[in-house]
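Some notes on the structure that comes next.
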There are 2 protein chains.
Amino acid sequence: MTGATRALRSDAERTVRQILEAAERVLSRNPAATMEQIAEEAGVARTTVHRRFASRDALVGAMAAWATRRFADAVEAAHPETAPPLVALYQVTANVLRVKLDWGFAMSRALTADPEAARVHAEVEEKCERMFRAAREAGLLRPDADLGWARRVYYALIHEAAQSGDGDADALATRVVDTLLRGVGTTQGLTAPR
Amino acid sequence: MTGATRALRSDAERTVRQILEAAERVLSRNPAATMEQIAEEAGVARTTVHRRFASRDALVGAMAAWATRRFADAVEAAHPETAPPLVALYQVTANVLRVKLDWGFAMSRALTADPEAARVHAEVEEKCERMFRAAREAGLLRPDADLGWARRVYYALIHEAAQSGDGDADALATRVVDTLLRGVGTTQGLTAPR
DNA sequence: CAGAGTTGCATCATCAATGTTGCATGTTCT
DNA sequence: AGAACATGCAACATTGATGATGCAACTCTG
């Protein structure tokens, strides 16, 4: 591999990144957007997009793969296995939000056919599962908490926080974790109001 | 209007309903589904769908209009203006869930161009807003609660409950309201743990 | 400068979904 | 049975997105 080749390839990779980021911006606003619109947003010709990605599926797949990698790294960086549950929960939330703010669409498509992405995703899923189990055993969650429901709520809160978009990842994470654990009410719930 | 006409028109209306319901089933699974697939699910020919709905947009519009009406009725039937906040919250939740379980896709498309639907939707939005304000003033929500965030969370919880699909509307509503107010944790939150 | 590589542009082929129409065949009511 | 209407079927036109290709122009690097 010559120096020239490296330099040129670097240009190419920059273009690829521009396309991926443009696709994220466009598709997060309109999932049915056209390759033309993506190319326009990326500032390249549509043919260039097709030269880089054989098909639309390939493009979305590449986005999903990229987001999946960042997602897995974000979770791993929070050390959810070793950190105390509350710390882990907060760190995972903040890190995932950082990724999701930039790659929301790609992450929503990360559950597709690609076997590698599916594997990574399942792995993260399992880590999250264990984190919630640990949280419950540590008394952070109610002993009778339905972990499946808790996880659903958690994902939904992260999603809403990412959509609302006001504040940085740390502020949003605080809000998410706080809401997840305490809700927004003052009462002790329907079963024991007041 | 002759009796014959009435009878025939009644047949036609039944077909329309079958198409609307089939479209909901198909599109909730795959929003990009084909008119062909919708027709197949409805047990009619594709041409029949096109005879009833001039275009795909018209079909989705009709679904949205139908769902919007049921949605507005569901909220109104809970008397959110006059009932005590906690009761109103629960009743609205249960009633909306009943609609959303059957018309999830249509409701997700109810924010479109149609002026009448938009009006109704804004009206409901406002009722909900007032309900949350009343809930806060009644001490049901924390005094410092961000109503915008609370509403987002509320909508998201309803959505998740409808997706999870286990249990009837009343059980789901209980879960939603309980989670909204108390969260899933035992602590007093990040600011005052333990 | 020469060469390798990339991009833009124009163009073409393909394809799937949409929307239309004519006609024969029911179905329901009178 | 006859009138009125609805449906299925087959065929057709249209359209918009997708994907491919040839060529000229550009930008690096050596």
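Below, read A as the first sequence line, B as the second, and so on, with proteins coming before strands; counting in each chain starts at 1.
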* **Atom-to-atom span, CZ of B/Arg56 to P of C/dA16 - whole angstrom** => 16 Å

* To do: Using only side-chain N and O atoms of B/His50, determine if any of them is under 4.0 Å from OP1 or OP2 of C/dG19.
  => yes

* **Criterion salt bridge (charged side-chain N to carboxylate O under 4.0 Å, His left out) on B/Glu123 and B/Arg119, from CA distance to verdict** => CA-CA 6 Å; B/Glu123 212 169 273; B/Arg119 193 186 61 75; 3.0 Å; yes

* To do: In whole angstrom, give the distance that lies between atom CD of A/Glu36 and atom C1' of D/dG19.
  => 13 Å

* Would you mind telling me which of A/Arg109, A/Arg98, A/Glu21 makes a side chain to side chain contact (heavy atoms under 4.5 Å, CB included) with A/Trp103? => A/Glu21

* **Criterion side chain to side chain contact (heavy atoms under 4.5 Å, CB included) against A/Tyr90, the qualifying member of A/Asp178, A/Asp170, A/Asn95** => A/Asp170

* Asked: Reckon B/Arg46 touches a base, only the sugar-phosphate, or nothing at all at heavy-atom distances under 4.0 Å?
  -> base

* Length of the CD-C1' vector between B/Gln37 and C/dT18, whole Å -> 14 Å

* To do: Would you check, one step at a time, whether the test side chain to side chain donor-acceptor pair (under 3.5 Å) holds for A/Trp149 with B/Thr179?
  => CA-CA 10 Å; A/Trp149 171 247; B/Thr179 303; 2.9 Å; yes

* D/dT7 phosphate, OP1 or OP2, under 4.0 Å from B/Thr47 side-chain N/O -> no

* **Atom-pair distance (CG on A/Asp57; P on C/dA16), nearest Å** => 14 Å

* Asked: What is the distance, rounded to the nearest whole Å, between atom CD1 of B/Ile38 and atom P of C/dG19?
  -> 11 Å

* Given atom CG of A/Leu59 and atom C1' of D/dG19, what is their separation to the nearest angstrom? -> 14 Å

* If you look at every strand shown and take non-hydrogen atoms under 4.0 Å, does A/Ser55 touch a base, only sugar-phosphate, or nothing? -> sugar-phosphate

* **Length of the line joining B/Arg14:CZ and D/dT7:C1', which is rounded to integer Å** => 14 Å

* Hey, does the side chain of A/Thr48 come within less than 4.0 Å of C/dG8's phosphate (OP1/OP2), counting only N and O? -> yes

* **Distance-only donor-acceptor test (3.5 Å): side chain B/Arg51, base D/dG8** => yes

* Walk me through it: do B/Arg133 and B/Glu137 pass the test salt bridge (charged side-chain N to carboxylate O under 4.0 Å, His left out)? => CA-CA 6 Å; B/Arg133 206 186 306 282; B/Glu137 282 163 13; 5.6 Å; no

* Is A/Thr34 touching bases, backbone alone, or none of the nucleic acid, heavy atoms closer than 4.0 Å? -> sugar-phosphate

* Asked: B/Glu40 has an atom CD; how far is it from atom P of C/dA17, in whole Å?
  -> 13 Å

